[in-house]
Amino acid sequence: SETPPKTELGDVAFPIAFELAKRLKQETGEKRNPREIAEILKSSLEEFEFVGKVDVAGAGYLNVYLNRPQFVAARISAPPLPSLGKSADASAPKVCVEHTSVNPNKAAHIGHVRNSVLGDTFQRILKATGKRVEVQNYIDNTGVQVADVVVGFIYIENKTLADIKLLDAELLAAGKTFDYYCWDLYAKVGQEYQTNAELKQKRAEVLHLLEEGNNEIADLAEYVATRNVECIIDTMQRLSIRYDLLPRESEILHLHFWDKAFEQMKQLGVIQYETEGKNSGCWVMPFESHAGTDEHEADKILVRSNGTVTYTGKDIAYQMWKLGILGMDFCYRPFHKYPNGQDVWITTSDPAADQDSPGFGHGETIYNVIDSRQSYTQDVVKKGVAAVSPDRGERSSIHLSYEMVALSPSAAEELGFVISDEDKARSFIEMSGRKGLGVKADDLIDRLEANALAEVEARHPDEPTEEKKTIAHKIAVGALRYFLLKFTRNTVIVFDFKEALSFEGETGCLCQYSAVRANSIFRKLSEGGENLDDLLTVVSDPRKTAQLFSAEGGDEIWSMFMLASRLEETVAQAASQNEPAILAKYAFNLAKGFNLFYHNHKILPEPDPTKRALLLCVADTVRRSLTAALDTMGIEVPAKM
RNA sequence: GCUCCCGUAGCUCAGUUGGAUAGAGCAACAGCCUUCUAAGCUGUGGGUCGCACGUUCAAGUCGUGCCGGGGGCACCA
């Protein structure tokens, strides 16, 4: 259409040829060598003039290519991510993202943070693609881990509920936190179990009482678990991670979710009562796909011979609730209000408490954020749900699995742990709450904030203290979130202090820095009384723009612009591949690209007004894309750095 | 025994679904602050993509088999 300036045909012949060969094969089955096609293209199309390098892979690039100036004009005035910030239609299908990781028995460690950062970022990605999202954090308040801490309080420390409340107040007064106290106590109980069989017996008793509810020990456990949940909420809030609902296991038990699911499963005949064999007296779900032998070895027991339900049974019922196919609901009460005004609700079995809850569950799709060690169990649960509801079960629930965060041997030593020669030889050591071995989330955030503050102090000594702290906090959050997001989900993160505390290289800090620099260009611009909107008209002249792109350095400007234009596509890709790391890599490449861009092109001093306007428009597109990408990862851009 | 994941530069990791000469960050060495912020930029060295066959115009990517590392396969949660 336009008369595009001239460049090398060779640059475009190969990608076009690859695309043609691919389509030819798809549509006619004919196989052609792309190199041959490229040669034909070169010889037959020499009379045409092309614009420049092809930067867009895939089917759409040719159109983009020939209409570059118009494309630029259209993109420049468009918002970076149209769906971002716009709340989804209330009638849109709901997606539930559930974090399942941290037990409410002690402080959260870095492994729990990976779970929550992953879940929170993925949730933000889904929102950015226009989905309606509900974020849940499952609270296993009746499990062994809570039972262990309760055992510690009662049988090691001889404390009553009143004593614990007193202790809690003392800790608060001393500037210490309840979850840290529980961390140590939990490790102490773990030690004690090794030599004290009697104590281990107590665990079974306590566990039973917790499940039963309505007794003194259950009340004590309730207090301990709730206090730990409050601590976890605070810790995660530091990282801008917030939840909508905290579903508790105690309600799943007390409201008898399982009975309802059990009834349905019996009616549909998807489970059987065994009268002979090794599973005699149990209700089992036949499970052939994992069977190794012709015995029913792989059959999964859902109800034990003593009549109690297994974890898998409970989880099937819970999954059914999430999908809205159980036919039962929790009661809810507000639990906590975040500083941004958002409420987090918690489940309860008291119908009187339930007043204005917005309604939870009924997800069209469910994402379960659980580490990959639970893959088998997740699969079993999924098959169980699918047995009840074939059309929903398989498709609607997705295991967003991730590998654990382990410690490098040197990190374990730095934490003051004596490690065996055997462990020293290993590439990593698994964290263990029972041994007290792990990096507590708050400790790490504290260290990051302190390091960042020292850097800010050195660079901006005249800033008010509050402002310096705010900046340091944003840098710390950016560093930690980026560090956990840059790895793909199935990579084991071997935690190393030096790497995690770094503000240099491929870090969140570099991304933030780049955005801050971009912002300061526009701050200077408006300080000089210039308006960006006026500059848009200069750039919307296709002929002038086309000339600039074909001039010296034009390809570089074009590449920068194209990269910045790919945010929406990247977010969509991260969503469809369930991989937040794609977005993290994109943000880093964008930031790095921009660092080079403003190094090579002096923007504000640029004498040619058209080129200056174009550079400014490109820089503006970059900073908006970068800011939106970082925001989608829960990373804020500080005012200064 | 069955099953899933991983193996890419000295180290830690990407690799856009099979495309052009395999990329980043650390670490090492050499440069760049009178300039829109040096938490940055530039350059150098560093690769038999674990091994071997196979599929095809084309394989780090797909298939099979080995070798090496990790996880998971309860009337635990």
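As a basis for the values below, the full set of heavy atoms in this structure was taken, side chains included, without hydrogen atoms, waters or symmetry mates. In the text below, chain A, chain B and the rest are named by the order of the sequence lines, each starting its count at 1. None of the values given here were measured: they were computed from a predicted structure.
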If you look at every strand shown and take non-hydrogen atoms under 4.0 Å, does Phe588(A) touch a base, only sugar-phosphate, or nothing? sugar-phosphate
NA contact type, Thr377(A), heavy-atom cut-off 4.0 Å: base, sugar-phosphate, or nothing? base
In terms of relative ring orientation, are Phe487(A) and Phe483(A) parallel, tilted or perpendicular, with 30° and 60° separating the classes? perpendicular
Does Lys592(A) put a side-chain nitrogen or oxygen below 4.0 Å from OP1 or OP2 of rC41(B)? yes
Name the nucleic acid region contacted by Ser280(A), choosing base, sugar-phosphate or nothing; use a 4.0 angstrom heavy-atom cut-off, strictly under. base
When we call it a touch if two heavy atoms are under 4.0 Å apart, what does Glu249(A) touch: a base, just sugar-phosphate, or nothing? sugar-phosphate
Remember a base hit wins even if backbone is also touched, and classify Gln577(A) as base, sugar-phosphate or nothing at under 4.0 Å, heavy atoms. base
Please indicate whether Glu276(A) has more than 12 foreign heavy atoms, meaning atoms of other residues, nucleotides or ligands, lying under 6.0 Å from its CD. no
Taken to the nearest whole Å, CD/Glu504(A) to C1'/rA38(B) is 10 Å
Separation of atom CZ in Arg426(A) from atom P in rG68(B), rounded to whole Å: 17 Å
Pairs counted only when both distances fall under 3.5 Å, Watson-Crick or G-U: show me the 5' to 3' dot-bracket for RNA chain B, [ ] for pseudoknotted crossings and | for other-strand partners. (((((((..((((.....[...)))).(((((.......))))).....(((((..]....))))))))))))....
Within the 3.5 Å criterion, strictly below it, is a donor on Glu556(A) or Asn600(A) matched to an acceptor on the partner's side chain? yes
Between Ser280(A) and Glu274(A), is any side-chain donor less than 3.5 angstrom from a side-chain acceptor? no
Aromatic plane relationship, Trp321(A) with Tyr318(A) - under 30° parallel, 30 to 60° tilted, over 60° perpendicular: parallel
Pairing of Asp371(A) and Arg373(A) as salt bridge, 4.0 angstrom limit: yes
Nearest-Å distance once atom P is located in both rG71(B) and rC13(B): 16 Å
Side chains of Tyr402(A) and Asn115(A): is there a donor and an acceptor less than 3.5 Å apart? yes
Expressed as a whole number of Å, how far does the P atom of rC73(B) sit from that of rC57(B)? 45 Å
Under 4.0 Å between any heavy atoms, over every strand shown, what does Val284(A) touch: base, sugar-phosphate, or nothing? Just pick one. nothing
Remember a base hit wins even if backbone is also touched, and classify Ile301(A) as base, sugar-phosphate or nothing at under 4.0 Å, heavy atoms. base
Mind checking the C1' distance from rU8(B) to rG69(B)? Whole angstroms is fine. 16 Å
What's Arg459(A) touching, base or sugar-phosphate or nothing? Going by heavy atoms closer than 4.0 Å. base
Same-atom distance (C1') from rU61(B) to rC6(B), integer angstrom: 15 Å
I want to confirm an ordering. Mapping Val144(A) and Ala591(A) to their closest nucleotides on RNA chain B, which one lands closer to the 5' end? Ala591(A)
The nucleotide from rA39(B), rC6(B), rU16(B) with an atom nearest the side chain of Asn490(A) is rC6(B)
Can you find a heavy atom in the side chain of Arg447(A) that is under 4.5 Å from one in the side chain of Phe497(A)? yes
Separation of rC41(B) atom P from Leu596(A) atom CG, nearest Å, is 8 Å
Does one side chain, of Glu403(A) or Ser372(A), offer a donor that lies under 3.5 Å from an acceptor on the other? yes
Would you say Arg434(A) and Tyr186(A) are linked by a side-chain donor-acceptor pair, where the criterion is simply a distance under 3.5 Å? yes
If we count only N and O atoms by modelled type, under 3.5 Å, do the side chains of Tyr138(A) and Asn368(A) hold a donor and an acceptor together? no
Hey, which of these two, Ile582(A) or Lys314(A), hits RNA chain B nearer its 5' end, going by closest nucleotide? Ile582(A)
Are any of Asn306(A)'s side-chain N or O atoms less than 4.0 Å away from OP1 or OP2 of rC75(B)? no
Should rU55(B) be called syn or anti, with syn set as within 90° of 0? anti
Counting any heavy atom closer than 4.0 Å, what does Ile475(A) reach on the DNA or RNA strands: base, sugar-phosphate only, or nothing? base
For rC33(B), does the glycosidic angle fall within 90° of 0 (syn) or outside that (anti)? syn
For rC51(B) and rG10(B), measure between their P atoms and round to the nearest Å. 14 Å
Taken to the nearest whole Å, CD/Glu579(A) to C1'/rA14(B) is 11 Å
Under 3.5 Å between N/O atoms: give me all the protein pairs with nucleotides 9-12 of chain B, atom names plus distance.
none

Phosphate contact (rA39(B) OP1 or OP2) by Tyr513(A) side-chain N/O below 4.0 Å: yes
Base, sugar-phosphate, or nothing: which does Asp496(A) touch, judged by heavy atoms less than 4.0 Å apart? nothing
Lys498(A) side chain, from C-beta outward: closest of rA27(B), rC75(B), rU16(B): rA27(B)
For rA38(B) and rA22(B), measure between their C1' atoms and round to the nearest Å. 31 Å
Check ion pair Glu606(A)-Lys602(A) (N to O, under 4.0 angstrom): no
Asp299(A) CG to rC2(B) P, straight-line distance once rounded to whole Å: 20 Å
Side-chain donor-acceptor pair present, Gln512(A), Tyr482(A), cut-off under 3.5 Å: no
Contact list (N/O, under 3.5 angstrom) for nucleotides 30-36 of chain B vs protein:
from    : atom 1 : to        : atom 2 : distance (Å)
rC36(B) : O2'    : Ser520(A) : OG     : 3.4
rC36(B) : O2     : Leu604(A) : N      : 3.3
rC36(B) : N3     : Ile603(A) : N      : 3.1
rC36(B) : N4     : Tyr598(A) : O      : 2.1
rC36(B) : N4     : His601(A) : O      : 2.9

Any ion pair linking Glu506(A) and Lys585(A) (charged N to carboxylate O, less than 4.0 Å)? yes
